[in-house]
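Here is how names work: the chains are called A, B, and so on, in the same order as the sequence lines, proteins then strands, and each is numbered from 1.
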Amino acid sequence: MRVWGVEDDRQEFAEFYAAARDDCLRVVLISVGDRQLAEDLVAEAFTRAWTAWRKVGQHPAPRAWVVRTALNAHVSWWRRHRRELALAGCEERPAPAAHPGLDSSLVTALRRLPVRQREVIVLRLLLDLDTTTTGEILGMPGGTVASCLHRGLDALRRELASLDDQERIP
Amino acid sequence: MNDDRALTALTDHLHEVRDSLREVHMTVPASAIFAAARKRRRRAVAAAGAACVAVAIALALALAPASQPRPVHVHLAAWSVDTHPNGTVTFTLRNASQPARLQHVLAEAGVPAMVRWGEVCLAQGRHVLLPTEGFVRETGVRAYVNGRRSSPESILEMISTSPPNTKGLNWSWTITPAKMPKGAQFVISAVPADRVAPGHIQAVWEFVPSSAHVNCAKSVKPG
């Protein structure tokens, strides 16, 4: 009988990391805009994934788990950062400049979406998950995923149009 | 249908953006992920151990019969600690020696403390500091309350018995443990006068939450 040991887990995780890290980084980068921050968040999420690998390894879409964890960590980072700045009596730090080649309007518009809609867009369109898996991960029925995606895209389109208008104002 | 076409175009745009990032790669090797996780596990184990110890101590204290803190009068050549009937504790420092014993004696006198000699310790981040802190440079004494230069009186009364330009350690503090904020500890650290670089801190004392992370270094400039 073969005993599944730590070394096997380690090997399995290392293979997952090698295969998934770049995709996860790109998706998180589109959502946060800042390359270094995205890399830190993804590394943190993979660290948590390895810490809970017995569970994450059984997840229907481990990449989605990593991306969601990274984006949730970003929310925590942003809140903590804002609080520290407030305590220091400084002005709120402006959003970091977008990674070169990345559409900064898209990053800003995505950031302004409600969390659920943003998550559905990230999982369905950027990670190419199907409706059923997305629903399983987010704990919602397939119909809700579809309507959330539609509403999210619509809101994203409006946000982009509004940002476009603002840029045109001299 | 125009609406659907716009959404399809947006979906295509998202895919294009994602695909345009093909040259973006993670630079963190898998070994760094494993190392970070190992460090985190060690910290979690240490925290769990500390929590168990804290629970055990709390239980022991809760079950122990209530008693008055016993008087403390410890006089060494290097330092002395005395409790007084009015509830105050006087701590005099002449020479940086026997830090572990000093820490223990201060705790017995009702002042939870962290004592470090040969290095300067500062709690990380001003937001974790409780109202009173102070530091001494080789050229004089400065005390801060709420970040402003002041004479701290409510929690700690500091009496400098050395002229400002004296290089030796010869200070005494009167502390009122009952006025210490709950969960606070007195952190005091100092380096010998002959090892203080010009403009660097010789000694620091602060009241900080016992959970605060404290950084220690051989030589620290006032920040």
What distance separates [X] [atom1] from [Y] [atom2], expressed to the nearest 0.5 Å?
X: A:T47; Y: B:R41; atom1: OG1; atom2: CZ; value: 10.0 Å
X: B:L14; Y: A:L110; atom1: CG; atom2: CG; value: 6.5 Å
X: A:W50; Y: B:I33; atom1: CH2; atom2: CD1; value: 11.5 Å
X: A:D23; Y: B:M26; atom1: CG; atom2: CE; value: 12.0 Å
X: A:L156; Y: B:L10; atom1: CG; atom2: CG; value: 4.5 Å
X: A:R21; Y: B:T27; atom1: CZ; atom2: OG1; value: 9.0 Å

Go through the atoms of [X] and report whether side chain, backbone, both or neither lie under 4.5 Å from a heavy atom of chain A.
X: B:S31; value: neither
X: B:R40; value: side chain
X: B:R18; value: both
X: B:H25; value: both

Next item on the list: Examine whether an atom of A:L126 lies under 4.5 Å from a heavy atom of chain B, and if so say whether it belongs to the side chain, the backbone or both; otherwise answer neither.
Entry: both

Next item on the list: Measure distances from A:Y17 to the heavy atoms of chain B and classify the residue's part below 4.5 Å as side chain, backbone, both or neither.
Entry: side chain

Next item on the list: Could I get the full list of side chain to side chain contact (heavy atoms under 4.5 Å, CB included) partners for A:D40, not counting sequence neighbours?
Entry: A:Q36

Item checked: side chain to side chain contact (heavy atoms under 4.5 Å, CB included) against A:P114, all qualifying residues, sequence neighbours excluded -> A:Q117

Checklist line | Sorted by number, residues from residues 55-64 of chain A in contact with chain B (heavy atoms, under 4.5 Å) | finding: none

Note to self: Could you go through A:D128 and B:H15, starting from their C-alpha distance and side-chain angles, then the distance that decides it, and tell me whether this counts as side-chain contact (heavy atoms from CB on, under 4.5 Å)?
What the structure shows: CA-CA 10 Å; A:D128 290 327; B:H15 285 150; 3.8 Å; yes

With a 3.5 Å cut-off and sequence neighbours excluded, list the donor-acceptor pairs that the side chains of residues 142-149 of chain A form with protein atoms.
residue	atom	partner	partner atom	Å
A:S147	OG	A:G143	O	3.4
A:S147	OG	A:T144	O	3.1

Margin query: Out of A:I121, A:L153, A:L106, A:T51, return the one with the most heavy atom pairs under 4.5 angstrom to chain B.
Written below: A:L153

